4 protein chains.
Amino acid sequence: MAQLSKKEAILEAALKLFAERGFDATTMPMISELAGVGAGTIYRYFESKEVLLNVLIVESLQAFAEALNQTGTGQRTTVREEFHLLFTGLFQFGKHRPNRLQLICSNANELYLDERSREEVTTFLSQILATISWGQEQGVIRKMPANALIAIVLGAFFQVSDAFRKGLLEESKELLDEIEDCCWNAVRIH
Amino acid sequence: MAQLSKKEAILEAALKLFAERGFDATTMPMISELAGVGAGTIYRYFESKEVLLNVLIVESLQAFAEALNQTGTGQRTTVREEFHLLFTGLFQFGKHRPNRLQLICSNANELYLDERSREEVTTFLSQILATISWGQEQGVIRKMPANALIAIVLGAFFQVSDAFRKGLLEESKELLDEIEDCCWNAVRIH
Amino acid sequence: MAQLSKKEAILEAALKLFAERGFDATTMPMISELAGVGAGTIYRYFESKEVLLNVLIVESLQAFAEALNQTGTGQRTTVREEFHLLFTGLFQFGKHRPNRLQLICSNANELYLDERSREEVTTFLSQILATISWGQEQGVIRKMPANALIAIVLGAFFQVSDAFRKGLLEESKELLDEIEDCCWNAVRIH
Amino acid sequence: MAQLSKKEAILEAALKLFAERGFDATTMPMISELAGVGAGTIYRYFESKEVLLNVLIVESLQAFAEALNQTGTGQRTTVREEFHLLFTGLFQFGKHRPNRLQLICSNANELYLDERSREEVTTFLSQILATISWGQEQGVIRKMPANALIAIVLGAFFQVSDAFRKGLLEESKELLDEIEDCCWNAVRIH
DNA sequence: TATGAATGAGTGTTCATTCAT
DNA sequence: AATGAATGAACACTCATTCAT
């Protein structure tokens with residue numbers, strides 16, 4: 001409360017609840033209570049529940065993209081190295097911002113996304129696309145529709161993250177390396 | 001209507017709506033209208049909206065398991081062949097029962113699952129587990145936690161199915177074969 | 001309660017409250033309580049609060065027009081006689097349906113009228129217009145814009161009705177005759 | 001802003017909004033925005049929204065009474081002349097202070113009037129009453145309850161003013177004279 | 001003096017559920 | 001067995017009012 005502005009408290013509370021329960025199952029009273037603010041206060045900062053969701057989605061996608069960039073910047077070495085940095089970025093993000101990851105993964109929110117959010121999704125994916133294209137040019141990554149490759153790797157990553165979150169799987173350096181290896185094998189040319 | 005009992009009509013309507021809109025965004029009046037029955041009639045067959053969801057989840061998981069069994073029965077040949085049958089079963093199911101698949105994939109419903117449904121998930125997964133264990137014994141599949149391998153393959157499959165559903169990817173025999181190959185490479189020992 | 005359907009009870013309660021307090025100062029809970037129904041029940045019969053108002057306005061205008069017709073039907077005699085019948089009709093209506101009259105007079109509702117209601121107002125006024133035109137043709141009523149004549153007579157009538165309603169004035173046959181005479185003098189040619 | 005004190009700015013904004021939209025449909029934020037002051041500032045000058053309304057009503061009634069006095073002062077000539085001055089005063093006021101007139105006419109505010117405002121109404125009417133009594137003594141105005149005569153003339157005037165405001169009637173010297181003549185005919189002895 | 005962020009009671013409205021028919 | 005009218009708790013959201021600055 002001392003270190004968090006009302007707006008931040010609301011965003012944090014909403015993020016947690018949207019991630020855990022989904023958009024429809026989260027009520028404004030829940031958010032206001034968890035944020036420790038009055039019900040009306042939310043509307044001083046966010047026009048509506050939907051706007052609040054979209055702000056969070058855009059924020060989260062940007063944070064996600066940034067997390068990937070941060071690890072991936074610098075001169076290009078090998079495609080495999082790039083893939084490693086990407087994967088590391090994914091898991092770092094999932095570890096530090098589990099709710100943001102959950103929000104992004106959850107398809108349930110799709111109905112409520114506005115134009116801005118949809119664009120942000122495209123922007124985010126374009127970053128991964130670049131790596132894939134480069135790998136294909138280098139003859140290292142399979143010549144398949146990029147969307148399919150992305151779906152395979154991200155799908156695996158999301159599901160694995162979910163397993164971590166639910167405690168079905170215990171995180172360890174070795175396991176993460178193995179999973180990365182699996183995903184790399186999935187898309188590389190043998 | 002002629003060939004469908006009231007109960008079946010309700011289940012079908014609810015399945016479609018839960019899959020398309022999600023549990024919370026689906027109202028009982030929507031279901032009763034689509035099913036062509038009175039609002040109160042639903043309660044003659046299902047205690048509550050949640051029970052209705054759980055019945056559908058259990059049904060869907062059983063149908064999913066059955067679909068996998070059906071292709072996979074018969075004498076065991078190779079692990080690769082078994083994997084192929086499993087994958088074929090997954091896609092067959094997604095093609096013929098897209099709503100059931102969508103219902104199963106959607107994490108949004110998690111909150112509302114009862115004990116019975118959770119058990120059914122376990123049952124369903126045990127079938128896949130068996131194949132994995134066998135493959136590991138044979139020295140063909142990586143020695144990793146089974147949950148991780150399942151998450152990788154199912155995650156990829158769900159995400160790919162979603163891409164098909166949204167029209168981001170066009171289904172074709174060749175593409176399916178490629179995707180299967182990707183997934184197999186992900187889990188096999190090289 | 002026994003003799004009133006829910007819908008009628010709602011209409012009656014809403015009429016009373018809208019007339020006494022105005023549209024904005026009347027809440028749906030007030031209406032549901034006075035009608036003796038649940039809050040949600042109102043929405044089974046009326047889409048929204050605004051629709052409820054408009055239904056009442058149209059109903060009231062039609063009842064008003066009918067009340068004027070009823071007294072005024074039959075062969076035309078003199079303009080004065082027609083005026084008398086009109087005035088009698090106005091007061092009869094105000095006496096038997098004070099709330100409906102109040103609802104019609106109140107300009108506060110203007111903002112919420114839909115197309116249908118606006119048309120009904122026109123229809124209602126056209127009836128009075130006919131009498132005025134006839135009187136002007138006969139050289140008995142002043143040659144002034146009909147809207148002005150209507151405003152004068154109806155304005156006087158509404159204000160007098162209000163005075164009766166508030167008890168500022170005591171109704172009596174003689175007083176009504178005098179008021180009618182005043183209004184007639186206002187518009188006739190001397 | 002330069003020439004208007006905060007208090008005056010608030011009163012002016014509130015007058016405009018109450019007149020145009022009604023008391024209930026006007027919000028305090030609307031008033032504060034139009035007045036160019038903070039929301040809380042209103043409460044430094046007026047205890048509540050209701051008090052603000054009542055201040056405006058009293059002010060308006062006093063301005064109205066003053067407007068009538070101004071034209072009517074001086075030695076008495078004839079009753080007809082006095083009536084003319086009264087009528088001129090009414091229309092002058094309506095022309096120069098349309099919002100104040102609208103506020104006074106609107107019955108919708110009745111619910112919120114306090115004792116002070118009610119007294120002011122009486123004070124205001126007493127002025128007109130005086131003229132009427134004098135006319136009746138002179139044998140020029142009908143011997144009817146004064147409230148009835150006031151209702152007739154003011155009712156006609158308010159309704160005509162409304163027609164002007166809505167553009168249903170075009171103002172002109174000739175029309176005003178005619179309307180005055182109508183009203184005079186309504187109350188004079190023939 | 002003046003502000004506007006903050007509040008929470010209250011608004012119009014929806015909907016899972018019940019029950020008389 | 002089947003209905004759909006009825007309910008009232010709960011929803012998203014608003015706004016008169018307060019108060020720390």
Side-chain angles (χ1 to χ4, degrees), chain A residues 5-7 9-10 23-33 35-53, chain B residues 5-7 9-10 23-33 35-53, chain C residues 5-7 9-10 23-33 35-53, chain D residues 5-7 9-10 23-33 35-53:
Chain A
S5 77
K6 300 269 178 192
K7 189 175 179 183
I10 291 164
F23 181 74
D24 289 295
T26 299
T27 70
M28 294 303 258
M30 281 176 192
I31 295 173
S32 74
E33 200 196 357
V37 304
T41 304
I42 299 176
Y43 291 89
R44 181 160 293 283
Y45 298 104
F46 306 98
E47 222 169 275
S48 68
K49 196 184 167 190
E50 277 190 40
V51 166
L52 180 49
L53 172 70
Chain B
S5 75
K6 301 266 179 196
K7 190 176 179 181
I10 292 165
F23 179 75
D24 289 290
T26 300
T27 68
M28 295 302 258
M30 280 177 193
I31 297 172
S32 74
E33 200 198 0
V37 305
T41 306
I42 299 177
Y43 289 86
R44 190 157 289 283
Y45 298 104
F46 307 97
E47 218 171 283
S48 70
K49 197 183 166 189
E50 278 191 40
V51 165
L52 179 49
L53 172 69
Chain C
S5 76
K6 300 270 178 192
K7 189 175 180 182
I10 292 164
F23 180 75
D24 287 295
T26 299
T27 69
M28 295 303 259
M30 281 176 192
I31 296 172
S32 74
E33 199 194 359
V37 304
T41 305
I42 299 177
Y43 291 87
R44 182 159 292 281
Y45 298 104
F46 306 97
E47 223 169 276
S48 69
K49 195 184 168 191
E50 277 191 42
V51 165
L52 179 50
L53 172 70
Chain D
S5 75
K6 300 266 179 195
K7 190 175 179 182
I10 292 164
F23 179 75
D24 289 291
T26 299
T27 70
M28 295 302 259
M30 281 177 194
I31 296 172
S32 74
E33 199 197 1
V37 304
T41 306
I42 300 177
Y43 289 86
R44 190 157 289 284
Y45 298 104
F46 306 97
E47 215 170 286
S48 69
K49 196 182 168 191
E50 278 191 40
V51 166
L52 179 49
L53 171 70

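Worth knowing before you read on, the calculation uses all heavy atoms, side chains too, and leaves out hydrogens, waters and symmetry mates. Small disclaimer: the values here were computed from a predicted structure and weren't measured. A note on names: the letters A, B, ... follow the listed sequences, proteins ahead of strands, and every chain is numbered from 1.
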**OP:** Could you encode protein contacts along nucleotides 13-21 of chain E as a string, one character per nucleotide from 5' to 3', using B for base contact, S for sugar-phosphate-only contact and - for no contact, with a heavy-atom cut-off of under 4.0 Å?
**Re:** BBBSBB---
**OP:** Give a yes/no on whether any side-chain N or O of C/Lys6 is located under 4.0 angstrom from OP1 or OP2 of F/dT7.
**Re:** yes
Subject >> Touch class at under 4.0 angstrom, heavy-atom based, for B/Tyr45 against every strand present >> reply: sugar-phosphate
**OP:** Starting from C1' on E/dG8, measure out to CD on A/Glu33 and report it in whole angstrom.
**Re:** 14 Å
**OP:** Return the minimal non-hydrogen interatomic distance between B/Ala35 and B/Ala9, and the atom names on each side.
**Re:** CB-O, 3.5 Å
**OP:** Quick one: pull up CD in A/Glu50 and CZ in A/Phe23 and give me the separation to the nearest 0.5 Å.
**Re:** 5.0 Å
**OP:** Write down the distance between NZ (A/Lys7) and P (E/dA6), rounded to a whole number of angstrom.
**Re:** 11 Å
**OP:** Rounded to the nearest angstrom, tell me the gap between atom CG in A/Leu52 and atom P in F/dC13.
**Re:** 10 Å
Original post:
Which side chain to side chain donor-acceptor pair (under 3.5 Å) pairs, counting each pair once, include a residue from residues 37-47 of chain B, with sequence neighbours left out?
Top reply: none
Subject >> Secondary-structure notation, DNA chain F, from Watson-Crick and G-U pairs under 3.5 angstrom (| other strand) >> reply: .||||||||||||||||||||
Subject >> From NZ (B/Lys6) to OG (B/Ser32), nearest 0.5 Å >> reply: 11.0 Å
Subject >> Residue pair A/Ile31 / A/Met28, side-chain heavy-atom distance below 4.5 Å >> reply: yes
Subject >> Separation between NZ of C/Lys49 and OG1 of C/Thr27, rounded to the nearest 0.5 Å >> reply: 7.0 Å
**OP:** With DNA chain E as reference, determine whether D/Val37 or A/Ile42 sits nearer its 5' end, using the nearest nucleotide of each.
**Re:** D/Val37
**OP:** Kindly give the heavy-atom pair with the smallest separation between D/Ile10 and D/Ile42, and that separation in Å.
**Re:** CD1-CA, 3.9 Å
